[in-house]
Asker: 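Provided herewith is a single structure, encoded as structure tokens, for subsequent inquiry.
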Amino acid sequence: MTTQTDIPPAETGGERRSWLREHSELGVCALLLALGVLVLTDALRMDVDIAQRGPVGPKTVPIVVGAGLLVIAALLALDVLRGGRGQAEGGEDIDLSEPADWRTVLLLAGVFLGAAVLIEPLGFPIAGALLFWGAAFALGSRRIDRDPLIAAGLSLVTYTVFNNLLGVPLPGGPLMGVL
């Protein structure tokens, strides 16, 4: 009968956990692999009438994206298994000893939820302006003379680009006839 001291170190759970911790990027590889398989499966099962498609067809882009995800997953896994490691993030000036600013988080969440509720009755231009202005306020800007004008401009430009240039219809609300 073998005891814990008779088992070589390579067979213990601690060694296995250490190997997994050193190769944690393989989790990203698994996620990319699963996502690639999902995209390819959905693309290949897509029911397309031959008369509806153009020279390229609606399956082309999802197949290219799915295949790209699989290739990236394989190359990343190969790099990780050969000893490649991601660089530690060093660009953020965050003091991890400070507590989270829950007031800002809750204000931003409230602004996003408010915009989501108001987008249908007020339309995107007004709800978007409130969203941009509220986000600026939640993040610390107190320029009441400037922020509403910038928010309204951003909202109108966003609405115009999506609605008129890209053909993505956004609710106009009471301003529908004006815009």
Side-chain angles (χ1 to χ4, degrees), residues 16-17 19-89 91-92 104-136 138-139 150-179:
R16 185 176 315 148
R17 272 188 242 124
W19 187 89
L20 287 174
R21 184 167 289 163
E22 290 176 12
H23 297 87
S24 61
E25 291 94 346
L26 289 176
V28 175
C29 299
L31 179 67
L32 290 172
L33 177 73
L35 191 59
V37 168
L38 176 69
V39 169
L40 277 176
T41 302
D42 282 350
L44 294 174
R45 284 203 261 165
M46 191 182 298
D47 190 24
V48 178
D49 185 16
I50 192 83
Q52 290 179 334
R53 67 184 186 111
V56 175
K59 288 184 174 184
T60 306
V61 172
I63 289 175
V64 169
V65 169
L69 285 168
L70 293 179
V71 168
I72 289 171
L75 291 174
L76 181 59
L78 185 64
D79 181 54
V80 170
L81 292 174
R82 286 185 174 175
R85 304 266 312 156
Q87 292 183 1
E89 187 161 344
E92 294 290 329
T104 302
V105 172
L106 293 174
L107 278 172
L108 280 174
V111 166
F112 283 119
L113 288 173
V117 168
L118 295 175
I119 197 167
E120 200 56 46
L122 296 181
F124 183 84
I126 296 173
L130 292 173
L131 170 70
F132 293 135
W133 188 16
L139 293 172
I150 293 173
L154 277 172
S155 182
L156 287 174
V157 167
T158 304
Y159 177 79
T160 303
V161 166
F162 275 88
N163 200 52
N164 299 342
L165 298 178
L166 297 176
V168 178
L170 295 174
L175 300 177
M176 190 64 145
V178 178
L179 301 175

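Computed from a prediction, not measured in an experiment: that's the story for all the values here. Any value given below was found using the heavy atoms of this structure, including those in side chains, with hydrogens, waters and symmetry copies removed.
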Asker: First locate atom CG of Leu32, then atom CG of Leu26, and finally report the distance between them rounded to the nearest 0.5 Å.
Answerer: 11.5 Å
Asker: Ala152 and Ala129: which non-hydrogen atoms are nearest, and at how many Å?
Answerer: CA-CB, 4.0 Å
Asker: Let me know which of Val65, Leu40, Leu69 forms a side-chain contact (heavy atoms from CB on, under 4.5 Å) with Leu35.
Answerer: Leu69
Asker: For a quick test of reading the model, state the closest non-hydrogen atom pair linking Leu118 to Pro121 and the distance between them.
Answerer: O-CD, 3.4 Å
Asker: Are side-chain heavy atoms of Leu139 and Leu107 found at a separation under 4.5 Å?
Answerer: no
Asker: How many angstroms lie between CD in Glu25 and CG in Leu31, if you round to the nearest 0.5 Å?
Answerer: 13.5 Å
Asker: With rounding to the nearest 0.5 Å, note down the distance linking CG in Asp47 to NZ in Lys59.
Answerer: 8.0 Å
Asker: Leu165 and side-chain contact (heavy atoms from CB on, under 4.5 Å): which partner among Val161, Val168, Asn163?
Answerer: Val161
Asker: To the nearest 0.5 Å, what is the distance between OH on Tyr159 and CG on Asn164?
Answerer: 7.0 Å
Asker: Is there a side chain to side chain contact (heavy atoms under 4.5 Å, CB included) between Leu33 and Leu70? Walk through the geometry before answering.
Answerer: CA-CA 5 Å; Leu33 177 73; Leu70 293 179; 3.6 Å; yes
Asker: Roughly how far apart are Phe124 CZ and Leu122 CG, rounded to 0.5 Å?
Answerer: 12.5 Å
Asker: Ignoring hydrogens, what is the shortest heavy-atom contact between Ile126 and Pro174? Give both atom names and the distance.
Answerer: CD1-CG, 4.4 Å
Asker: Shortest non-hydrogen contact from Pro125 to Gly172?
Answerer: CD-O, 4.0 Å
Asker: Counting only N and O atoms by type, is there a donor-acceptor contact under 3.5 Å from the side chain of Thr160 to the main-chain atoms of Leu156?
Answerer: yes
Asker: Minimum heavy-atom separation for Cys29 to Ala73, with atom names?
Answerer: O-CB, 3.6 Å
